[in-house]
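Computed over heavy atoms, backbone and side chain alike; hydrogens, waters and symmetry mates excluded. Please read all numbers here as calculations on a predicted model, not as lab measurements. In the text below, chain A, chain B and the rest are named by the order of the sequence lines, each starting its count at 1.
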There are 2 protein chains.
Amino acid sequence: MEFKEAKNKFVQTWGALGSQWGINKTMAQIHALLMVSSEAVSMEDIMEELQISRGNASMNIRALMDWGIVYKEYKVGERREFFTAEKDLDELAVKISKERSKREIKPALKVLKEVSSINANATSEEKHFVDQTKKLYDFVLKADNVLDKITEYKDNWLAQILVKFMK
Amino acid sequence: MEFKEAKNKFVQTWGALGSQWGINKTMAQIHALLMVSSEAVSMEDIMEELQISRGNASMNIRALMDWGIVYKEYKVGERREFFTAEKDLDELAVKISKERSKREIKPALKVLKEVSSINANATSEEKHFVDQTKKLYDFVLKADNVLDKITEYKDNWLAQILVKFMK
DNA sequence: ATAAACTTTCATTTATTTTTGAAAGTTTAA
DNA sequence: TTAAACTTTCAAAAATAAATGAAAGTTTAT
């Protein structure tokens with residue numbers, strides 16, 4: 001397989017993955033393209049490489065910047081804007097996770113808290129509902145913090161040594 | 001808020017969450033409904049509660065069973081089938097994570113390995129591509145195993161005590 | 001064997017999401 | 001200030017995904 005083919009395959013695959021994870025295909029493809037480009041890329045080039053319209057490119061680049069995983073760059077003597085992606089993968093994971101937490105998990109937690117606080121006066125049906133949604137609340141809350149925990153743990157060399165030692 | 005309203009709100013919220021995470025809305029709603037039902041529920045009742053067609057119900061229940069998070073149940077003297085959801089949340093998380101890994105992560109890893117193995121003969125552009133996709137491969141591979149690691153860690157009381165102690 | 005009770009399938013319809021592209025907006029150089 | 005070079009917006013179109021429902025399939029009781 002030669003370079004161009006490999007690059008294309010990577011972009012397509014990353015795009016498909018993105019669309020299964022709630023990020024739209026083009027957005028993920030642009031991100032993929034930028035991640036493997038050593039140089040910053042212009043909008044024109046993105047349109048050309050992905051065969052997409054100006055509007056589509058513009059909107060999805062904007063979205064990526066809102067997520068904080070793509071940056072604008074200026075070149076001297078160039079009027080156009082260029083774009084680069086966050087290439088540090090730990091940083092990328094943290095940003096994506098924070099953003100999804102904010103947009104999706106936090107609102108869901110709010111609802112879970114609400115519905116688990118109803119007055120379960122009588123039936124076992126209602127008791128079960130309250131019980132189960134409370135458990136869900138705790139679980140989602142914990143899961144939501146998992147990435148922070150992992151980051152902490154990664155920086156904690158003593159914990160790492162101890163856990164390795166025990167295995 | 002009274003029970004019926006709370007239940008409905010929960011089902012809607014869980015459904016929306018599902019659709020942001022690559023699971024379709026109805027599938028997530030059925031799962032939500034079953035999770036908070038103390039009794040097994042018939043297809044007829046699912047159709048009624050969610051206001052969906054027979055075909056839709058059938059196909060999504062089937063999908064949930066394929067994921068291993070919904071089970072069929074039979075009642076004596078009843079010809080109809082009833083359904084229940086996996087209610088243990090750790091178990092649920094493990095099953096979902098395994099299934100998504102199998103369906104999405106593993107194929108992506110395969111491609112990442114492929115494209116990072118091209119002969120980067122010359123340009124710095126090609127070198128950067130190979131370098132970045134290799135990093136991605138390692139990263140995704142590690143991330144893919146995170147849940148297993150957490151499960152291990154949860155069962156390891158000594159690790160837990162030690163890490164708590166250090167904080 | 002038959003028919004009632006139930007479930008599954010899948011071509012078609014409906015709903016949702018994404019993309020387009022032309023017009024409006026912005027910035028910069030002269 | 002003007003106009004060229006560029007970016008953003010958004011209504012409409014296209015593409016994609018999900019839902020319907022009637023027909024086909026299956027199971028069970030008699």
Next on the checklist: Just the rounded figure in Å: distance from P of D:dA19 to CE of B:M27.
Outcome noted: 12 Å
Checklist entry - So what does A:R80 hit on the nucleic acid, given a heavy-atom distance under 4.0 Å: a base, only sugar-phosphate, or nothing? => result sugar-phosphate
Checklist outcome for this item: Heavy-atom nearest pair, B:T133 first then B:L112, reads O-CD2, 4.2 Å
Checklist outcome for this item: Note: for B:N56 and A:A57 on DNA chain C, the residue whose nearest nucleotide lies more 5' is B:N56
Item to check | Residue closer to the 5' end of DNA chain D, A:R79 versus A:S19 (nearest nucleotide) | outcome: A:R79
Checklist outcome for this item: Rounded to whole Å, the CE-P distance (B:M59 to D:dT20) equals 12 Å
Item to check | Heavy-atom contact window of chain A on DNA chain C, given 5' to 3' at under 4.0 Å | outcome: C:dT18 to C:dT28
Item to check | Intermediate values then yes/no, side chain to side chain contact (heavy atoms under 4.5 Å, CB included), A:K95 and A:L92 | outcome: CA-CA 5 Å; A:K95 282 197 168 159; A:L92 180 67; 5.8 Å; no
Next on the checklist: Expressed as a whole number of angstroms, how long is the span from B:I52:CD1 to D:dA17:C1'?
Outcome noted: 16 Å
Next on the checklist: What contact category does B:E44 fall into here, base, sugar-phosphate, or nothing, at under 4.0 angstrom with non-hydrogen atoms?
Outcome noted: nothing
Next on the checklist: I need the B:K75 NZ to B:R80 CZ distance, nearest 0.5 Å.
Outcome noted: 8.0 Å
Checklist entry - Does NZ or CZ of A:R100 come closer than 6.0 Å to the centre of the six-membered ring of A:W67, within 45° of the ring's axis? => result no
Checklist entry - Atom NZ of A:K25 and atom C1' of D:dA15: how far apart are they, to the nearest Å? => result 9 Å
Checklist entry - How many Å lie between CZ on B:R62 and C1' on D:dA19, as a whole number? => result 18 Å
Item to check | Interatomic distance, B:E126 atom CD to A:K7 atom NZ [nearest 0.5 angstrom] | outcome: 10.0 Å
Checklist outcome for this item: Residues at least two apart in sequence or cross-chain that pass ring-ring contact (aromatic ring centres under 6.0 Å, His included) with B:F83, listed by chain then number, are none
